[in-house]
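These notes are about the structure you will find just below.
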Amino acid sequence: MRRFLVLLLAWPGIAAALAQLDLDVRLDPATRELTASARLADAAGLRGFRLAPEFEIVALAIDGRAAKLSRRGAVVTLPRGTRQVDVRYRAMLKPLAALDHREVLADRSATAAPEGSFLPAAAGWYPDVGALFAYRVSLSLPAGQKGLVPGELVKEDEGADGYRAEFAFPQPAESIDLMAGPYVLAEHRLKLPSGRYVKVRTWFHPEIAELAPGYLDDSARYIERYSRLIGDYPFAMFSVVSSPTPTGFGMPSLTYLGREVLRLPFIRATSLGHEILHNWWGNGVYPDWRRGNWAEGLTTFLADYAYKEDEGEAAAREMRMGWLRDYAAVPPGEDFPLKDFTSRQHGIASIIGYNKAAMVFLMLRDRIGRDAFERGLQLFWQRHRFKTAGWAELETAFAEASGEPLRDFFRQWVQQPGSPPFAGADPDFRVWRRIDPAVFPPILREVFVAPQASVVLAGDEDELRVPALALAARLLDAKPDTVAATLPGRGPVLIVGKAGRLEAWLAAQELPPPPAMQVGSARVWAGRDRAGRAYAVVSVTDVAALKALARPLPHYGKQSWLVFDGPRATAKGVWPPGVEAAPVSAASPRR
Ligand SMILES: [Zn+2]
């Protein structure tokens, strides 16, 4: 799960005084009616604001006096010298549609329903001055509903007449997202290393309320971990909020996740920590978008990768190898320097902006040592909290903490694309570089995602033909429409056959025999033939065993081999990597 909504604009130095927005919002999710009154004030003068056209302005007062509205579409222009404007407005929001995450991202309109209401900033639902601002929001909802916006909870009460809460966001904010639903609340008070308290809260749909204790514990654990590593968590509250749509958003002081998504075990184990860390990197220090977004890389390194290090060196090494494997598939012409990464729009952008950047932080830590690296993080945080900072400011902090000039390191890894020529041995994959894909152990995914992959039936096991094609339709992006009877001359291939007879067929094709594995109802393994062609073999005891693979097998693309007992994988693994052809001469890194 990554951040999608919070795109802080580059802001050259935050003005001493921010515009202040005071918002009073009433929302009835059943009728989808929204009424709001807003006061915008800026001692330095207001020139106008934006409010999406579907929000009808019913009254406007400028510096305390009723005024005529000058509005063109979303843009409201104010007379010169305006210091305060009061706006009353209303709208009928759209109903909640059954959207998937991509559609939620593309749609961005405000929706309301008793099951869940979401008013993303991109919907233009509040008067927006187009610059960083401070806000206070008071929210009223009917009984049975609760809601929130990012920030600190100032007041809250609930009675027969409904729910009312007030939130304040005193730091410079770029946007406001509002969420409401039939939430059940659970809360935990966490004491930070400095002695300050943070309110950790879940806002969950009743049907997932039993997940709350686990989310509270894990959120507290992550907040504590990063407060110790970097400096105190910067907000007074952290919330995990459930959404009726299968979505995932990170915002300052909260994360908004689909209720079905919240049930997935890896969310608590990885994504939650990643999102919480964005309260430091991204929502605490703002990346300088014009000079490259370092926040995803640093968050990936200190969250996703750090959790692999917690598991052990084997898991960490596997992640590093996965990064370099993905990078090996990036055409050199599409490579680009870290300074040009802003956000993840496609796979290559995430290979550079997340994975390469994370590896660069690892190489930096290997070079200057863990102590200096952590002092550098703390220094960077102290200096740039709630300010914009770029790679140059990171370089300064780490150079100061380590007492080493790092100009060449950052120029090489941030300003330049690719990597310098690599001469040495690095069997641990700790240096970013292009590696011959043949070095990486074969995995099933190579066949699963190949655009030209075909499926072949080993021998004349006719009863396997239809289920083999059905399995291929589930597994292969290539979606072949027939099952071949003989091995095609070229192209990745999925081979399906019956254990006991498959062996002779493989030998006749000059393919290696089945590797030694436990016995099960099905065995699956990946390999490459002498010409480097990737193949995957599915060996089953009978038709039922083959049919049982349709659901589970697509999820195991990262494996080299698996043993199944019916639909259940009883053993799996990745073959050991090959050896790079390179001279041996490398200093061991400092860790
Ligand atoms: Zn992220």
I'd like to know whether Glu156 forms a side-chain hydrogen bond (donor to acceptor under 3.5 Å, both in side chains) with Tyr163, so could you lay out the CA-CA distance, the side-chain angles of the two residues, the decisive distance to 0.1 Å, and finally the verdict.
CA-CA 8 Å; Glu156 183 178 42; Tyr163 173 85; 2.6 Å; yes
Step by step, would you call Ser140 with Arg164 a side-chain hydrogen bond (donor to acceptor under 3.5 Å, both in side chains)?
CA-CA 5 Å; Ser140 304; Arg164 212 177 144 78; 2.7 Å; yes
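Aromatic pair Tyr226/Phe238: centroids not less than 6.0 angstrom apart. Note: Trp125 and Phe55 fail the aromatic proximity criterion, with ring centroids not under 6.0 Å apart. Taking the six-membered ring for Trp and the full ring otherwise, the centers of Phe169 and Phe133 sit at least 6.0 Å from each other. Outside the 6.0 Å centre-distance limit, the rings of Tyr126 and Tyr135 are not counted as a close aromatic pair. A centroid separation of 6.0 Å or more is found between the aromatic rings of Tyr197 and Tyr233. Taking the six-membered ring wherever Trp is involved, the centroid distance between the rings of Trp391 and Phe361 falls below 6.0 Å. The ring of Trp281 has its center closer than 6.0 angstrom to the ring center of Phe380.
With sequence neighbours left out, Glu224 forms a side-chain contact (heavy atoms from CB on, under 4.5 Å) with Leu190, Arg228. Under the rule for a side-chain contact (heavy atoms from CB on, under 4.5 Å), the partners of Arg88 that lie at least two apart in sequence or sit in another chain are Ser37, Val58, Ala59. With sequence neighbours excluded, the residues satisfying side-chain contact (heavy atoms from CB on, under 4.5 Å) with Arg196 are Leu192, Ser194, Val198, Asp232.
Of the candidates Arg325, Glu318, Met321, Met319, Phe429 forms a side-chain contact (heavy atoms from CB on, under 4.5 Å) with just one, namely Met321.
Under the 30°/60° scheme for interplanar angles, the aromatic rings of Trp323 and Tyr305 are found to be tilted.
A donor-acceptor pair under 3.5 Å is absent between the side-chain atoms of Arg50 and the main chain of Val75, judged by distance alone.
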